[in-house]
Each structure stands twice: as structure tokens, then as C-alpha cells.
Amino acid sequence: MENFVILHRKQNKDILKEINFLLCIALCLAMATQSAKAKGKMKEVMSDKQKAIMMLSVFEASGNLPRLETAIHESLDRGVTVNEVKEVFSHLYAYTGFPRSLNALGTLQKVLEARKKEGKTSIEGKEATSMSKDFDALKEGARVQTRLGGGQPFDYRFCPAEDYYLKAHLFGDIFARDVLTFAERELATICALSAIEGLAPQLEAHVKGARNMGMTDEEIKAIPSILAAQGNEKEAYRTKRAVAKAFGEKMKEEILSSGMPFPKGDPNTAYAKHFTGNSYLAPLVGGSVPLTSVTFEPGCRNNWHVHHDVRQVLICVGGEGWYQEWGKPAQRLKVGDVVEIPVGVKHWHGATKNSWFQHIALHINEGNAPSNEWLEAVSDKQYEGLDAKDE
């Protein structure tokens, strides 16, 4: 029987149930711990209100209603008013569409009903000031749009109707509402655009415009790190690229580790000498059957090694990787694969060269003297040849 197996094909359903239960608990604990660490290390550039606007905007735009619900609760708990939350969602309909805006407002209603039942206070806040009778939305919108562009008027002659909507409605009617400042509206816009694939030109334009609308350079540059610290890696990376272009700075292109369901954890310094490339460890559950999240950067793999008196199980949860036993061909690993490694089998595992890889490692003692025997590294020639064979 092959040592490389998919556990759900086996009959031991009780083991799978126990692993699934432990993973659910571990994910919740690890995400909370990682978030707390990141927040503790971050320089406080943004206020609680600004951070709330960022999260509300990202989740409104991405349509992630469960996380949006949590963000709304947290925003209200920190003193953001109900009308400010409404204004964020109303503002964003011009960028993300009515459906997402209405979904977000519906989620807000749900949260307010729940808070009322729980006896929690939600500050209503002020309404927008009424416009004067002689308010000219088109004229005001042209002025605001010119300010956003740094004093350069913008006329979309290719489509006059769209030009009118932008000036009279978006930059006129919407921006004139004083529940949010111009700077807060640009912050919401940047974060919402960062959550939608394919909007790099608009995102870059609004990052540049944010300076003209009252955001400081320090605040603008802090946006990517705050987004990343709160688990929005793709959004952070897109914004980081836009900020680099706006400030004329060079930025190293990266392969994102997003899509990893568990926190990346801390650098694996204790075992670094047994790895080619960088890996990260996030302990999830201790006890007699510990669970650890192991994350490999693209191209990272561990040396050949043997577990003595230990049976290891690898649960693949993110990206793509490789697993190989001595004398057998390498197996490509994808999300959902589960590898059981018997005691005493020489093997190695790691990421593919073009993808991050994350697995949960489960160690089950089978003897009285559990230990790891680290052996030779997987050569570059052997490793590079894997992708060529698999193509």
C-alpha cells in the first residue's frame, strides 16, 4: 500500500472528525493571536475611526458579509456613529455598485437589531447638513474633482453623460454631504478599490488624490501595513503598489501568500539550517497531539529527514507543494490533500517554486523516544526538475 494516502478514503472517520474539530479551534485561536501581535507592533498613525472606515470599505467592496458584520460591531463599539457607517456604505455605491452597498446597509440593520436585543448602545450621530437652495451640484462637483486632481480640471469628453454623473452626482451631491470629510471619503474609496481586482488605474489615481483631499503622506503610507495586519494581504499589496507609484518609489514584486487560511506565524529560525528558503511556524494546539501550521515561501523546502517513533500527518490547507519519499517520485500537493508518513520513512516536503504552501503538521508518538533525524538537502537540480516533469 502506498504511504501517500488521502485519509478520507480510509475508514477511520473518528480520526477525521477529531482533526477537523481541533483545526476549527486552532484556526480561531491562531487568527486572534496573530491579529493581536500585528496590532501591537503597528505604529499608531490612523485613528480608530480611520481604521474602522478601512475595514468597513474593504468588506463592503469584497462582499464578505460575515467579516463586515464583525467590522460593524467593532466600529460601533469604538464610537463610530451609525450615520457615519451608513455614509461609508452610501458613498461606496458610486464605486462598488448598488448591490454591494445595499447588502452592507442590510448587514448594518441586522447588527443594530442584534445590539438592541443585547442592550448595547450605538451612537446615532449627526445627519448631513441640508444643502442651500442655490446649491449647484455640477459646479461644486467640478470644483471638488479639480481639487482631487491637484488643480487639473478633468473632462471626460469621450462620454459626456459619464462626465456629468461624476461631477454633478459623485463629486457634487455625495461629496457635499458633511458626515464624512473629503479625506475620510478618499480613505474609504482607496480601501474599497483595493478589494476589487483589475482597478489599478483608479486605485493609483485615488492614492494620488488623497494627498490633495487632506490625507497626510504618513497616513497614506500606513494604509498597506494596516490592511495587511488585519488579514487583507491582497488589498494591502495592491495598495502598496499604488502608493509606491504615487510617491515615485521602487517596489519589489512579490508572490502573495494570500489564500493561506491560517496565520503565517513567526520565522522558523530554530530549524532554518534544515530548510532551503524561508519557512514560518504558527503553533496551533499543544498537548499530546500538537498541531502546527507550517508555511513555506515559494521555492522553500526542508531537507530529507526521518521521524523516529513518530507518525506524521500533513494536512494541506493553502497553495501548492511537493512531498517525496526516498526512492519514489515526488507528489504534487494541493489544498485538501492529506499525507500520512509512517515511522522511519525518509522524506521531504515544501512549496512549489511559484506558490506559497501551507500545511498543518500533526505528530503522533508511536514509541518511547520520538526524534527527528535531519539529513542532506534537496539539491537545486533535483528540485528545479520537478516542475519541468510536472508541466
Side-chain angles (χ1 to χ4, degrees), residues 24-93 95-96 100-128 177-192 194-195 214-215 218-219 222-233 235-236 239 261 263:
C24 288
I25 295 175
L27 178 57
C28 294
L29 292 174
M31 289 183 71
T33 302
Q34 190 75 1
S35 177
K37 282 184 179 180
K39 289 178 182 177
K41 294 177 181 178
M42 191 189 311
K43 184 180 178 182
E44 294 296 331
V45 175
M46 299 284 198
S47 67
D48 283 346
K49 180 181 177 182
Q50 288 173 311
K51 291 177 184 177
I53 289 173
M54 293 174 65
M55 293 301 99
L56 294 171
S57 303
V58 165
F59 301 136
E60 187 272 359
S62 64
N64 190 333
L65 299 186
R67 292 196 70 182
L68 179 62
E69 184 175 334
T70 299
I72 293 172
H73 272 293
E74 292 178 351
S75 299
L76 296 174
D77 286 340
R78 293 175 181 177
V80 179
T81 71
V82 174
N83 281 329
E84 286 169 337
V85 177
K86 285 182 183 178
E87 195 69 25
V88 169
F89 297 153
S90 297
H91 169 86
L92 289 179
Y93 103 80
Y95 297 96
T96 66
R100 292 196 186 278
S101 177
L102 290 171
N103 280 347
L105 288 166
T107 304
L108 173 59
Q109 286 180 287
K110 176 183 174 182
V111 168
L112 291 175
E113 290 170 3
R115 290 173 70 87
K116 185 176 180 180
K117 289 179 181 179
E118 295 169 6
K120 289 185 177 181
T121 301
S122 303
I123 304 170
E124 196 67 23
K126 70 171 186 174
E127 294 275 2
R177 293 173 56 82
D178 57 2
V179 177
L180 298 176
T181 66
F182 286 177
E184 288 167 345
R185 290 184 183 279
E186 279 307 294
L187 177 62
T189 302
I190 288 169
C191 293
S194 76
M215 289 194 71
E218 189 177 29
E219 288 172 335
I223 295 174
S225 61
I226 294 173
L227 289 174
Q230 296 185 338
N232 302 297
E233 187 182 21
E235 294 82 354
T239 309

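Within a 6.0 Å radius of NZ in K120, other residues, nucleotides and ligands contribute more than 12 heavy atoms.
When atom types are taken as modelled, the side chain of E84 and the backbone of T81 share a donor-acceptor pair closer than 3.5 angstrom. Formation of a donor-acceptor pair under 3.5 Å by the N64 side chain with backbone atoms of F59 is not found in this model. A donor-acceptor pair is defined here as one N or O able to donate and one able to accept, closer than 3.5 Å; such a pair exists between the side chain of R115 and the backbone of T121. At distances below 3.5 Å, not a single donor-acceptor pair connects side-chain atoms of R177 with backbone N or O atoms of A128. Within the 3.5 Å criterion, the main-chain N or O of R78 finds no donor-acceptor partner in the side chain of D48.
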Output, in order, the C-alpha distance, side-chain angles, deciding distance and verdict of side-chain contact (heavy atoms from CB on, under 4.5 Å) for F89 and L68. CA-CA 11 Å; F89 297 153; L68 179 62; 3.8 Å; yes
Carefully, step by step, assess E60 and T96 under the rule side-chain hydrogen bond (donor to acceptor under 3.5 Å, both in side chains). CA-CA 8 Å; E60 187 272 359; T96 66; 2.8 Å; yes
Which is it for M46 and L187 under the side-chain contact (heavy atoms from CB on, under 4.5 Å) test, yes or no, and what are the steps along the way? CA-CA 11 Å; M46 299 284 198; L187 177 62; 4.1 Å; yes
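At a cut-off of 3.5 Å, with distance as the only test, no side-chain donor of Q50 or E184 sits close to an acceptor on the other residue. Looking at H91 and S101, their side chains never bring a donor and an acceptor atom within 3.5 Å of each other.
The two residues E235 and S194 make their nearest non-hydrogen contact at CB-OG, 3.3 Å. Closest approach of A236 to P224, counting heavy atoms only: CB-O, 3.2 Å. Of all heavy-atom pairs spanning V179 and K126, the tightest one is CG2-O, 4.1 Å.
A salt bridge links R185 to E87: one of the charged nitrogens lies within less than 4.0 Å of a carboxylate oxygen.
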